[in-house]
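Start at 1 and go down the list; that is how both ligands and their atoms are numbered.
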Amino acid sequence: MSAAGSVLVIGGASDIGRAIARVYAEAGRPVVLAARNASRLQTDATDIQLRGGVPVTLLDLDILDSSTFPAFLDAVGDLPGTVISVVGLLGDQAQSSIDPAIAETVMRTNYIGPALLLGEIANRMERRGSGTIIGISSVAGDRGRASNYIYGSAKAGFTAFLSGLRNRLATKGVHVVTIKPGFVDTQMTKGMKLPPLLTASPLEVANAVAASEQRRRDIVYVRPIWRVVMGVIGAVPEKIFKTRMKS
Ligand SMILES: NC(=O)c1ccc[n+]([C@@H]2O[C@H](COP(=O)([O-])OP(=O)(O)OC[C@H]3O[C@@H](n4cnc5c(N)ncnc54)[C@H](OP(=O)(O)O)[C@@H]3O)[C@@H](O)[C@H]2O)c1
């Protein structure tokens, strides 16, 4: 194992998660992919293992079932050097706004589940005195919008959680990174018409994640133009935003 230790990817079945696994494996880091029904990832795991020449382990995890987290962490074994949370659920805003059960699943998948698991991992890293935690959040959390505020509010919670964790652990040897990808061409956005200038590939996100760890960045907009876009959107007064920028 490399000095930096293994990498745990939570949400390892996602397009971005598998790209992250590939990038880290090719850098010589053993990978643990955690996902629902993880055995379906066997072909990907074998491919990543062959390319990187490092072990790739598959573990089952449902981020909605926090009662399984202690057993999951036992199954991971030695605490990884890096833990990356990629898990997420966009959901359907129209359905989420009328069905509390659907809204709850979106909120728990994007915020409560990842925050509870990363919180426990953070405590263990703090005791060890080292580690990196990387959370994939979203620009959707930077400002509530009519079109996606259930998902966006959960990402806002996750962003705030990562920010607080980063501040708490800054002097404890544990580094926390928040990644805001902007649009990414994945299963989540399949069928959507995305502007090419604002849309990253899963590999681009994966490379940004790896670079953020190496350069010890705090908050990363994968395409820097998103920082400008969200700066402008954030500056629009609510009075104007609520009537003229409904999308
Ligand atoms: N695509 C974008 O434009 C975009 C933009 C900003 C941020 N993001 C974020 O990037 C991350 C990855 O998304 P993606 O674009 O790669 O889409 P994706 O392929 O749909 O990935 C989402 C992953 O979350 C997993 N997941 C959902 N509920 C889960 C649960 N209860 N337990 C365990 N895993 C669960 C899904 O697993 P299953 O395969 O089992 O369903 C899926 O692998 C997400 O956090 C997303 O919010 C994406």
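Every N/O-N/O distance between G17 and ligand 1 stays at or above 3.5 Å. The shortest N or O to N or O distance between I63 and ligand 1 is under 3.5 Å. Residue contacts with ligand 1: P181 is placed with no nitrogen or oxygen under 3.5 Å of a nitrogen or oxygen of the ligand (distance criterion only). In terms of polar-atom proximity, T189 is not counted as a contact of ligand 1, lacking any N or O under 3.5 Å from an N or O of the ligand.
Remark: L90 engages Y151, M188, M192 in a side chain to side chain contact (heavy atoms under 4.5 Å, CB included) (not counting sequence neighbours).
Ligand 1 lies nowhere less than 4.0 angstrom from a heavy atom belonging to L89. Using a 4.0 Å heavy-atom cutoff, K155 is listed among the residues neighbouring ligand 1. The shortest separation from a heavy atom of R40 to ligand 1 is under 4.0 Å, placing the residue in contact. Residue contact annotation: P202 has no non-hydrogen atom under 4.0 Å from ligand 1. Taking a 4.0 Å cut-off on heavy atoms, A35 fails to register as neighbouring ligand 1.
The nearest heavy-atom contact from the protein to atom 31 (N) of ligand 1 is D62 OD1, 2.8 Å. Nearest to atom 12 (C) of ligand 1 among the protein's heavy atoms is V86 O, 3.2 Å. Shortest contact from atom 15 (O) of ligand 1 to any protein heavy atom: T186 OG1, 2.6 Å. Scanning the protein heavy atoms around atom 7 (C) of ligand 1, the nearest turns out to be S137 O, 3.3 Å. Looking only at protein heavy atoms, the nearest one to atom 6 (C) of ligand 1 is G182 O, 3.3 Å. Scanning the protein heavy atoms around atom 43 (O) of ligand 1, the nearest turns out to be S14 N, 3.1 Å. Of the protein's heavy atoms, V87 CG2, 3.7 Å lies nearest to atom 25 (C) of ligand 1. Looking only at protein heavy atoms, the nearest one to atom 41 (O) of ligand 1 is R36 NH2, 3.0 Å.
With no hydrogens or angles considered, no side-chain donor-acceptor pair links S14 and Q187 at under 3.5 Å. Under 3.5 Å, the side chains of R145 and S147 contain no donor-acceptor pair of N or O atoms. A donor atom on one side chain and an acceptor atom on the other are not found under 3.5 Å apart for R29 and S6. Under the 3.5 Å distance criterion, with hydrogens and angles disregarded, a donor-acceptor pair is assigned to the side chains of S137 and T159. Between the side chains of T132 and R216, no donor-acceptor pair is found at a separation under 3.5 Å.
Close approach of ligand 1 to D15 (heavy-atom distance below 4.0 Å) involves ligand atoms 16 (O), 19 (O). Atoms of ligand 1 found under 4.0 Å from any heavy atom of T109 (numbered from 1 in listed order, with element): 27 (C), 28 (N). The contact set between ligand 1 and I136, taken as ligand atoms under 4.0 Å from a residue heavy atom, comprises 9 (C), 10 (O), 11 (C), 45 (O). Set against the non-hydrogen atoms of L61, the atoms of ligand 1 under 4.0 Å away are 32 (N), 33 (C).
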Side chain to side chain contact (heavy atoms under 4.5 Å, CB included), that's the test. Do E213 and Y24 meet it? Break it down for me. CA-CA 11 Å; E213 176 168 11; Y24 273 88; 2.8 Å; yes
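In this structure, of A38, G141, G88, A19, the residue bringing a heavy atom nearest to atom 22 (C) of ligand 1 is G88. Here atom 8 (N) of ligand 1 lies nearest to Y151 when heavy atoms of F158, F183, Y151 are compared.
Of the possible polar contacts, one joining the W226 side chain to the L198 backbone as a donor-acceptor pair under 3.5 Å is found.
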